[in-house]
Structures are given as C-alpha cells and as structure tokens.
Engineer: 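After the structure tokens below, expect a handful of questions from me.
Heavy atoms only: backbone and side chains are in, while hydrogens, waters and symmetry mates are out. This chain uses plain numbering: 1 for the first residue, then up along the sequence. Each ligand, and each atom within it, is numbered from 1 in the order the structure gives.
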Amino acid sequence: MAPIRPDLESLPAYVPGRAVPGAIKLASNEVSLPPPARVLAAIAEAATGANRYPDLSVTGLTARLADEFGLDAARIAVGCGSVSLCQQLVAITCREPGDEVVFAWRSFESYPIVTQVQGATKRTVPLDAEFRHDLEAMAAAVTPRTRLVFVCTPNNPTGTTVRRDEFECFLQAVGPDVLVALDEAYREFVTDPDAVDGTALLDAHPNFVVLRTFSKAYRLAGLRVGYALGAPEVAQALRKVGSPFAVSAIAQAAALAALDCRAELLAACAEVEGERERVRAALLHAGYTVPPSQANFVWVALGERTAPFAAHCLDQKVVVRPFHPEGVRVTVSTPDENDALLAAALSFPR
Ligand SMILES: *Cc1c(COP(=O)(O)O)cnc(C)c1O
C-alpha cells in the first residue's frame, strides 16, 4: 500500500456542473458568452510564448489591479483561480489538527474540501431561515482555536448577500486574531447598495482579506485567475504557499485584456441582472421558493424534490446543479436559455 493519508478517503470530491452534449448548461455559474474578441486576441498572442515559463510574480496584472483598486501592489496576491487562494488561505493560517475554519453551510463547496486537505477542522454554521449567513451565530462559533472564517457574499449557492453594517459588526465581534476572508466571486452582479463591498473595508482591518475572480463576470473560468486583496503580510504569505507558475502567461494576458474590456463585460452583467429578476419572478409566480439573489444564479429551495426536479430539467435538456435534499442552483443566462429553464420548471409536476 502506498502511504496515502487515510483521512482523504472521507474527503468529499468537488462536484463540477455537468456538461451534457446538446444540453443547456446552467450548472456552473459561468457567463455563457465567450470572451470578447480583444481578449481572444491577447490569448492568441500570449500562446506564442508558451514554451517559456510565465512571470512568476504576475507583475503586470498585479500592478494593474493595484491601480484599479488604489492599493499597494504588495497587498495583492494573484492565484490559480480563487479556489486555489481559498486553499492557500487555509495553508497560511492552519497548522495543527485542531485549528479551525468557520464557514456558513450551505455555502461554497470548496471550503470543506480545502479545510480537510490541510488537516484543519471545519465548524459550519447553518444559514438562517432566509438562506442568509447568520453572522451572529458565526461570530459565536469562533473559538480560541479558530484561525480563519470564510464569508461568501453573494453566497454560492443561495445568492443572498451580507449587508455592510452587519459585516462590520461581525468583524468587530470576531476581533483581530482571526483571519476573515470575504469571498466576492459574484461581486460584479450585485445591485443592492446595502450589500458589503469588501474593498471598502480593507484599510480598517489588517486581519481581513477579499477574494475576487476573473471566472464569472470576466468570462475566464477556463483560464484560472483569481486574486486576494489584504494586508501585505497576508498577501506575501499567500504568495509563499502558492505553487510556482500557477498562473499561466495566457491567463495573465487574458486577465489584463479583460480589464481593458470592463465596460463591455459589465454591460453583459447588467443584462444578467435583469434576467435574474425576471427568472425569479416567474419561479415565484409558479409557487417555488426562491430567495432574492444578487449573483448570476438563483436558488430554488426544493427539499426532497431536488433530485426529481434536476432529473426533469435534464429530460428537457437543461442542466442545473442539484444539492439534494436542499435545493437546486440555476445559473441565469441569456433570455433563450432562461426561457428553457422556466419551461422545464413550469412543466415539473407539483
Ligand atoms: C466560482 C467561485 C469562485 C471562483 O473560483 P475560481 O477558482 O476563481 O474559478 C470562488 N468562490 C465562489 C463562491 C465561487 O462560486
């Protein structure tokens, strides 16, 4: 027998959204449009240098992000998707088996995986009755062993946000000895002015880090670029534990080009936001339970009918992401694709 850690046997595998040939994929929260032409050109150009290692320090993209956010470049760590940065966050905070990571549940499925991979202990706090983070309960769940807290807003998979005022109270309650990570993978889709914006809180809290990604609004899920904004010590530690050359030259060039196309990309997000309200209203009208979403997906709380609903959608050539027996997460896409989802939902026997 190879000396593999036995505890990995109980590790849940990340379940990717299924890709079914010929079906509409509403299972992975991607934007369904391809990258803009200018980004594709940057990718092609960068591909000519694929025989070389990429810039280890991600200098150009880091400088550009520093500029965009008005932050010192030392406060930015770029990673191979923000999922990788989640893993790096556990690695820089947790060393002993009893070190704890607190997060809401249900939330992003990577959190329990990266916690267990590092050999740390997870402490999950149920979402409240409105499918929102229960920040008071999360603050109460922090113990002297807690090293890291993940707060996901908008929350994947329920779409609900954390308000700025409640998050500031939460940071106060948690105190300076725990690293708090605000995962804002869907920030570009947020329209609620009361929702927290992590970038506005960075200067006041050195134990606070914001995660963003190019995978969703910036349409580069396949190229794997995310970044963390925080105190210089946090960013430096993240860079230390990241695997070298994890962000390819193609990914770096594409992300830079995508920032140049921001207006076009954000205009597409605005369309998704309109569709999100239309889809939710239609599902509510049909009698489904759908919390307000600020992301590019909606949560349909179906309980035990989760798996049958997903199977019914698949019969209609629409792939959704089931979390049986809680609910289904449906990515909001183009009007045509959303109509196909709505047709499936309306024909689901209830
Ligand atoms: C999609 C997503 C990410 C981004 O992952 P990448 O690794 O950057 O593709 C991070 N957090 C949440 C909650 C997500 O849903």
Engineer: Quick check on the 6.0 Å ring-centre criterion: do Y288 and F309 meet it?
Structural biologist: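 Between F309 and Y288, which both carry aromatic rings, the centre distance is below 6.0 Å.
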Engineer: Between F348 and H312, how do the two ring planes meet: parallel, tilted or perpendicular, split at 30° and 60°?
Structural biologist: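 Answer is tilted, since the angle falls between 30° and 60°.
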Engineer: Going by heavy atoms in the side chains, are L314 and V20 under 4.5 Å from each other?
Structural biologist: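 SC-SC contact between L314 and V20 confirmed.
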Engineer: Report all protein residues having a heavy-atom distance below 4.0 Å to some atom of ligand 1; order the list by chain, then number.
Structural biologist: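 Within 4.0 Å of ligand 1, the protein residues are G81, S82, V83, F108, C152, N156, D183, A185, Y186, T213, S215, K216, R224.
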Engineer: With a 4.5 Å heavy-atom cut-off, do F131 and V290 have their side chains touching?
Structural biologist: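 The answer is no; the side chains never approach within 4.5 Å.
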Engineer: Tell me whether the guanidinium CZ or amine NZ of R163 lies under 6.0 angstrom from the six-membered ring centre of F167 and within 45° of its axis.
Structural biologist: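 Not satisfied by the 6.0 Å and 45° rule.
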Engineer: Walk me through whether D339 and R278 qualify under salt bridge (Lys or Arg N to Asp or Glu O under 4.0 Å).
Structural biologist: CA-CA 10 Å; D339 282 344; R278 180 177 79 89; 2.9 Å; yes
